[in-house]
Amino acid sequence: MKVKKAPILISGMHRSGTSMVTRILNRCGLDIGNKLDSNSESIFFQRINIWMMSLVGSSWDSPKKFDKINDEIKIDIVSQLQKLIESRTNSLYFGWANILKKGTFENIETPWGWKDPRNTFTQDIWREVFPDLKVVNIIRHPIDVSASLMKRQAEEIQSDIKRKKRVSSVLKALLSISHSNYNSSMLLNSHEDCRNLIDVYYDQMLTYESSNTLTIKFEDILTNPEIEIMSILNHCGLDIGSKQLNEMVKGIDGSRKYAYKNDGSLINLESSFRDLIYKMGYKN
């Protein structure tokens with residue numbers, strides 16, 4: 001698809017700081033869509049990513065590559081994607097006013113894109129639709145990611161259990177891959193599970209390293225926010241003044257860097273996480 005402005009995909013392992021970076025980019029002029037979820041993810045592209053991953057029996061917590069898809073099937077999937085993003089359903093991204101304006105992704109002249117950790121795997125297909133797309137990968141110390149995942153799991157499990165289930169909601173879950181009765185993962189039950197999943201995401205990020213890809217550490221943003229934010233903005237073709245940059249920097253919470261070191265039980269994970277820690281460029 002020929003577009004005036006290729007999209008920017010924000011990706012990385014869940015709980016790695018992708019939401020923080022997305023909010024920064026949005027404030028600096030990156031259009032990330034009209035209808036977003038609580039994690040600043042475009043509902044439109046999120047649902048498409050869920051559909052694509054389901055084609056290979058994959059999900060965010062059990063991801064698979066697209067490298068073994070039959071070439072003819074891959075071409076057909078890309079064709080479906082092109083028709084879908086050109087249809088009126090793209091109002092989920094542009095807003096309902098777009099039904100009258102009939103805007104398209106081909107005609108966007110300002111920086112745009114979307115955030116979804118699933119982009120880590122689906123970008124293989126998205127590159128067929130948008131060959132010049134750019135990617136911003138965010139990585140974070142794996143023990144902090146694991147701790148955050150397990151905390152979220154505990155909260156969502158309790159919420160899932162307490163939430164009343166109705167027959168209508170069960171049917172909705174059966175009839176749509178975009179909905180479920182449960183928000184918690186059925187597969188992440190330990191720090192070991194989290195470590196293995198983080199490893200899979202990181203390996204996938206390494207697969208697509210190129211001049212159009214920027215991989216940045218969450219901790220580097222916390223330590224040197226001016227430098228790292230400008231690096232991200234330059235990669236995305238965004239420009240802001242010094243006053244706005246200073247405001248961005250003030251909103252960065254440096255205390256989140258290596259937060260796991262404040263918890264003895266998490267420090268004890270350094271041994272079992274050692275290989276992954278070094279693999280990702282961290283040192284104890």
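Every value quoted in this text rests on a predicted model; they were computed, and no experiment measured them.
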Validation row: Tyr93, Ile43 side chains within 4.5 angstrom (heavy atoms): no

Whether Phe45 and Trp112 hold their rings parallel, tilted or perpendicular, with breakpoints at 30° and 60°: tilted

Whether Thr223 side chain and Glu219 backbone form a donor-acceptor pair below 3.5 Å: yes

Side-chain touch Leu92/Arg47, heavy atoms, less than 4.5 angstrom: yes

Any donor-acceptor N/O pair, Asn196 side chain to Asp193 backbone, under 3.5 Å: no

Partners passing side chain to side chain contact (heavy atoms under 4.5 Å, CB included) against Glu155 (at least two apart in sequence or in another chain): Lys151

All ring pair (Phe, Tyr, Trp, His ring centres under 6.0 Å) counterparts of Phe66, not counting sequence neighbours: none

Within residues 14-44 or reaching into it, pairs that qualify as ring-ring contact (aromatic ring centres under 6.0 Å, His included) - sequence neighbours excluded: His14-Trp60, His14-Tyr201

Check ion pair Lys279-Asp199 (N to O, under 4.0 angstrom): yes

Hey, can you pull the donor-acceptor pairs under 3.5 Å for the side chains in residues 127-139, sequence neighbours left out?
unit_1	atom_1	unit_2	atom_2	d
Arg127	NE	Gln123	OE1	3.4
Arg127	NH2	Gln123	OE1	2.7
Lys134	NZ	His235	O	2.9
Asn137	OD1	Ser11	OG	2.6
Asn137	ND2	Thr215	OG1	3.4

Test item: Met280 and Leu276 side chains (from C-beta on) under 4.5 Å apart, heavy atoms: yes

Name every donor-acceptor pair, under 3.5 Å, that has one atom in a side chain of residues 21-31 and the other anywhere in the protein, sequence neighbours excluded.
unit_1	atom_1	unit_2	atom_2	d
Thr22	OG1	Thr18	O	2.7
Asn26	ND2	Leu30	O	2.9
Asp31	OD1	Gly33	N	3.0

Listed partners of Asp253 passing side-chain hydrogen bond (donor to acceptor under 3.5 Å, both in side chains), at least two apart: Ser255

